[in-house]
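Only one structure is covered here, and it is reproduced in the block below.
Since we're looking at a predicted model, the values are computed, not measured. Quick note on labels: first sequence line is chain A, next is B, and so on, each numbered from 1.
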Amino acid sequence: MVRPFYVTTPIYYVNDRPHIGHAYSTVAADVVSRYARLRGRPAYFLTGLDEHGLKIERRAKEEGLAPQDFVDRMAAPFRSAWEELGCAHDGFIRTTSPQHRENVQALWKLMQDSGDIYLDDYEDWYCVGCESFKTEKELLEGNLCPIHQKPVERIKERSYFFRLSNYTQPLLDFYEAHPDFVQPEARFNEVKSFVKEGLRDLSISRTSFRWGVPVPGDPEHVVYVWLDALMNYVSALGGPAEQGKAPLYDEFWQSSGTITHIVGKDILRFHAIYWPAFLMSAGIRLPTQIWAHGWLTVNGEKMSKSLGNFLPPGPLVEAFGADVLRYYFMREVGFGHDGDFNHRNLLNRYNGELANGLGNLMNRIVASIVKKSLDGRVPNVDLDSLEEIDRQLIDKASAASQQAGKHIEALAFHRALDTIWELVSAANKYVDSTEPWKLAKQDDKTRLEQVCYTVLETLRWLSVMLFPVMPEKCNELREQLGMAPLLPTEQVDLWPSAWGGLRAGTRTKTATPLFPRFDESQERSILERLGVEVAPADKKKAPAMTETEQRKDEFIEFDDFTKVDLRVAVVKEAEKVEKSKKLLRLIVDAGETEPRQILAGISEHYAPEDLIGRRVVIVANLKPRKLMGLESQGMVLAASDESGLSILGVDKDVEPGSPAK
RNA sequence: GGGCCCAUAGCUCAAUUGGUUAGAGCCCCCGGCUCAUAACCGGGUUGUUCCUGGUUCGAGUCCAGGUGGGCCUACCA
């Protein structure tokens with residue numbers, strides 16, 4: 001029950017400034033770690049920064065700074081962002097720290113001792129933005145990286161390799177034995193099917209830049225940034241380098257505690273495949289779970305610098321407060337799904353749930369009825385003499401507490417909050433049904449006290465259950481209840497389970513409403529200040545695609561057909577493409593000044609020599625495309641059925657280049 | 001090409017894993033209340049559970065096929 005709990009966010013690349021995507025991951029990690037602490041578990045929450053790599057080295061140079069000075073400068077906004085958001089991390093790892101570098105080298109040696117590292121030549125395209133090699137087929141037209149749309153570079157170097165191929169089966173066995181290793185399940189399936197295809201050895205060193213951790217014993221090489229980065233989860237705790245004198249490492253990694261890595265879905269492969277393989281090789285225990293969450297769009301659009309909707313958390317925190325933003329993150333989108341950050345929606349949830357729901361419940365009881373009729377004090381009631389309707393609310397609270405706890409443990413934050421709001425709603429209903437204001441007028445003091453106590457105690461429960469998500473607001477709520485701030489203590493489970501924790505006679509306090517409602521003009525000015533364009537009359541939801549539009553005609557226009565430039569061409573040369581099963585490389589004369597190179601996937605059906613001299617029909621204006629590193633400047637038409645494939649030709653020797661129509 | 005996931009009210013999502021009449025929230029309309037932040041409470045409207053078939057006493061749930069969407073992966077010209 002008191003197993004240690006270790007949760008991490010990804011380490012963010014310092015080249016960026018913090019945005020709500022980073023904030024979302026970090027808040028989630030903060031929420032689970034706060035929850036674990038409330039349950040009395042020792043918890044450690046790690047976040048940090050990835051500060052190495054070619055991109056940083058270059059950026060620093062551009063700015064005329066030493067790399068270390070550059071990253072120092074870029075690190076500051078992250079630290080302050082997490083502070084503003086109330087993310088109380090225990091550790092903040094930076095990959096340039098000596099402790100981290102030592103541990104990366106220690107990991108390297110452990111992997112080397114296992115015989116999993118060897119030296120070989122490597123040549124391929126490299127994208128500086130991704131910090132990774134790209135295969136030909138991934139590249140866009142003109143050798144552009146598909147992610148960054150920037151040119152990749154041809155890099156040939158001697159490189160150390162990790163025998164990832166040896167871990168295909170061990171990984172599959174591990175997945176089999178740990179069916180919850182990756183969440184959500186659909187993502188786990190993707191990981192498994194990727195591994196089942198068989199893994200190739202991984203290049204894990206670079207000589208093309210210096211800004212990284214030197215390979216032990218071969219300082220010409222720098223450790224591959226992903227190996228470097230993944231190691232942070234262990235190095236932050238002291239790691240294998242500090243063997244025997246790293247109490248955090250012993251407590252949170254080497255114990256039987258839970259280790260949860262929260263990651264974005266884009267970096268799942270590194271965490272679910274490479275990282276466990278590295279650890280297996282080094283003989284270090286594996287994490288318990290990798291949780292891949294989705295992406296946030298902003299008002300329905302993908303967040304990007306070029307679109308100008310790159311959203312830093314700072315101004316939002318300023319406008320709404322950290323807890324409101326945290327609440328919105330956790331409430332709005334199912335963890336694991338993609339979601340949308342929508343300002344309008346945030347305001348609706350704020351007014352509808354926080355202000356009208358929870359805030360008003362608190363206000364109507366504490367600042368009004370209890371204050372006016374009970375002298376602002378928690379009444380003394382006999383819990384055994386409560387009425388049925390009181391017990392129903394208590395039962396509801398009990399159920400909510402249990403359910404919400406389970407949901408948070410499963411990182412289903414939206415469900416947890418859903419459950420908790422059912423209780424808020426039930427409590428408001430309870431107040432309406434019991435009508436304490438009438439009891440006050442009727443001088444039915446005993447009943448009035450019972451009703452007020454029941455609501456006050458419900459509020460106390462809520463102040464605990466919502467604490468992981470809204471720590472500040474919950475402590476304010478507690479202050480108004482006359483209670484001390486929550487102080488999680490190891491070995492003590494504070495999660496609500498016993499009714500009656502609120503002491504009779506406690507003096508409640510009235511203060512400003514917890515969540516003052518925004519009226520329309522306030523909403524407008526907030527949105528204006530944030531620079532959000534608001535559609536006047538509820539701009540119709542993204543028009544998506546209407547079903548009717550999708551049903552296109554079965555026919556195409558003649559004009560459509562004439563767009564296709566079909567021509568007769570004569571095959572001049574033909575050869576098999578090396579290492580390819582299906583492709584033939586053809587040089588054809590299409591009546592143009594230069595011959596064309598066309599790749600055709602017909603190698604299984606035609607021998608190259610049988611094609612030379614034949615007339616074929618080609619699509620001449622097809623956009624060129626690279627296949628196996630060779631550009632194909634057109635397409636050879638062929639018909640196929642179960643028995644095979646047959647190239648289309650002409651039955652007279654028409655001139656090369658003749659149009660076909 | 002191979003694979004995975006999904007499809008439920010106008011929107012966002014539930015449905016105890018095959019069990020009664022498919023439910024919430026938001027939105028909209030009507031009513032009540034007046035302690036409260038114009039808050040709260042009640043009532044009302046909206047469904048071919050994507051389609052077709054199958055298994056079953058019983059299917060939103062399981063099976064087959066199809067359609068549409070998302071994702072992973074691949075030498076699709």
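Atom name P, nucleotides G1(B) and U55(B): the rounded distance is 32 Å, in whole Å. Spacing of P atoms, G10(B) relative to C51(B), comes out at 14 Å, to the nearest Å. For the P atom pair drawn from A77(B) and G19(B), the interatomic distance equals 48 Å after rounding to whole Å. On the C1' atoms, A15(B) is 30 Å away from C72(B), given to the nearest whole Å. Comparing A38(B) with G18(B), their C1' atoms are spaced 48 Å from each other, to the whole Å. Here, G3(B) and U46(B) have their C1' atoms 38 Å apart, quoted to the whole Å. Taking atom C1' in both A74(B) and U56(B), the straight-line distance is 41 Å, to the nearest Å. One C1' atom belongs to C50(B), the other to G69(B), and the distance between them is 11 Å to the nearest Å.
Judged as a side-chain hydrogen bond (donor to acceptor under 3.5 Å, both in side chains), and not counting sequence neighbours, the contacts of Glu409(A) are Tyr35(A). Partners of Ser25(A) according to the side-chain hydrogen bond (donor to acceptor under 3.5 Å, both in side chains) rule, which considers only residues two or more places apart in sequence or in another chain, are His293(A). Under the side-chain contact (heavy atoms from CB on, under 4.5 Å) criterion, Pro595(A) pairs with Ile587(A), not counting sequence neighbours. Contacts of Arg349(A) classified as side-chain contact (heavy atoms from CB on, under 4.5 Å), with partners at least two apart in sequence or in another chain: Tyr328(A), Arg331(A), Glu332(A), Asn345(A), Glu353(A). Partners of Arg460(A) under the side-chain hydrogen bond (donor to acceptor under 3.5 Å, both in side chains) rule, at least two apart in sequence or in another chain, are Glu457(A). In this structure, the side-chain hydrogen bond (donor to acceptor under 3.5 Å, both in side chains) partners of Lys438(A), at least two apart in sequence or on a different chain, are Glu435(A). Partners of Ser373(A) by side-chain contact (heavy atoms from CB on, under 4.5 Å), not counting sequence neighbours, listed by chain and number: Ala440(A), Leu448(A). Under the rule for a side-chain contact (heavy atoms from CB on, under 4.5 Å), the partners of Thr458(A) that lie at least two apart in sequence or sit in another chain are Leu393(A), Leu423(A), Ala427(A), Leu462(A), Trp499(A).
Heavy atoms from other residues, nucleotides or ligands lying under 6.0 Å from NZ of Lys265(A) number more than 12. Within a 6.0 Å radius of NZ in Lys192(A), more than 12 heavy atoms belonging to other residues, nucleotides or ligands are found.
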Using the 3.5 Å cut-off, write out each protein N or O paired with an N or O of nucleotides 1-10 of chain B and the distance between them.
unit_1	atom_1	unit_2	atom_2	d
C4(B)	O3'	Asn189(A)	ND2	3.2
C4(B)	O2'	Asn189(A)	ND2	3.3

Between protein and nucleic acid, restricted to nucleotides 30-35 of chain B and to nitrogen or oxygen atoms under 3.5 Å apart, what atom pairs and distances do you find?
unit_1	atom_1	unit_2	atom_2	d
C35(B)	OP1	Lys441(A)	NZ	3.3
C35(B)	O3'	Ser368(A)	OG	3.2
C35(B)	O3'	Lys372(A)	NZ	3.2
C35(B)	O2'	Ser368(A)	OG	2.0
C35(B)	O2	Arg364(A)	NE	3.3
C35(B)	N3	Arg364(A)	NE	3.4
C35(B)	N3	Arg364(A)	NH2	2.7
C35(B)	N4	Arg364(A)	NH2	3.0

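Counting non-hydrogen atoms under 4.0 angstrom, Ala600(A) reaches the backbone sugars and phosphates but no base. Residue Asn360(A) is in base contact, counting any heavy-atom pair closer than 4.0 Å across all strands shown.
Remark on RNA chain B: of its neighbouring residues Pro516(A) and Gly352(A), the 5'-side contact belongs to Pro516(A), judged by nearest-heavy-atom nucleotide.
Here C72(B) presents its C1' atom at 13 Å from CG of Asp266(A), a figure rounded to the nearest Å. Nucleotide U12(B) holds its C1' atom 8 Å from the CD atom of Glu332(A), rounded to whole Å. Atoms CD1 (Ile267(A)) and C1' (C72(B)) sit 16 Å apart, rounded to a whole Å. The nearest whole Å value for the distance from the CZ atom in Phe413(A) to the C1' atom in U12(B) is 19 Å. Atom NZ of Lys371(A) and atom P of U37(B) are 11 Å apart (whole Å). Protein atom CG of Leu199(A) is 15 Å distant from nucleotide atom C1' of A74(B), rounded to whole Å. Atom pair Tyr350(A):OH and U37(B):P shows a separation of 14 Å (rounding to whole Å applied). A straight line from CD of Glu353(A) to P of C40(B) spans 11 Å, rounded to a whole angstrom.
More than 90° away from 0 lies the glycosidic angle of U37(B), which makes this nucleotide anti.
Separating the CZ atom in Arg391(A) from the OG atom in Ser398(A) is a distance of 12.0 Å, to the nearest 0.5 Å.
In this structure, Lys196(A) fails the cation-pi test against Phe194(A), since its NZ or CZ atom is not both closer than 6.0 Å to the six-membered ring centre and inside 45 degrees of the ring normal.
Residues from residues 414-426 of chain A lying near RNA chain B, meaning a heavy-atom separation below 4.0 Å, are Arg415(A), Ser425(A) in numerical order.
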Worked verdict on Arg517(A) versus Asn360(A) for side-chain hydrogen bond (donor to acceptor under 3.5 Å, both in side chains): CA-CA 9 Å; Arg517(A) 203 184 145 82; Asn360(A) 184 53; over 6 Å; no
side-chain hydrogen bond (donor to acceptor under 3.5 Å, both in side chains) assessment of Asp390(A) paired with Tyr430(A): CA-CA 8 Å; Asp390(A) 311 335; Tyr430(A) 171 85; 2.7 Å; yes
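In terms of phosphate contacts, Lys429(A) brings no side-chain nitrogen or oxygen within less than 4.0 Å of OP1 or OP2 of C40(B). Asn345(A) has no side-chain polar atom (N or O) that falls below the 4.0 Å cut-off from OP1 or OP2 of U12(B).
A donor-acceptor pair shorter than 3.5 Å can be found between the side chains of Ser463(A) and Arg478(A). Side chain to side chain, Gln169(A) and Asp173(A) meet the donor-acceptor criterion of an N or O pair below 3.5 Å.
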Pair assignment for RNA chain B - dot-bracket with | for other-strand partners, Watson-Crick or G-U under 3.5 Å: (((((((..((((.....[...)))).(((((.......))))).....(((((..]....))))))))))))....
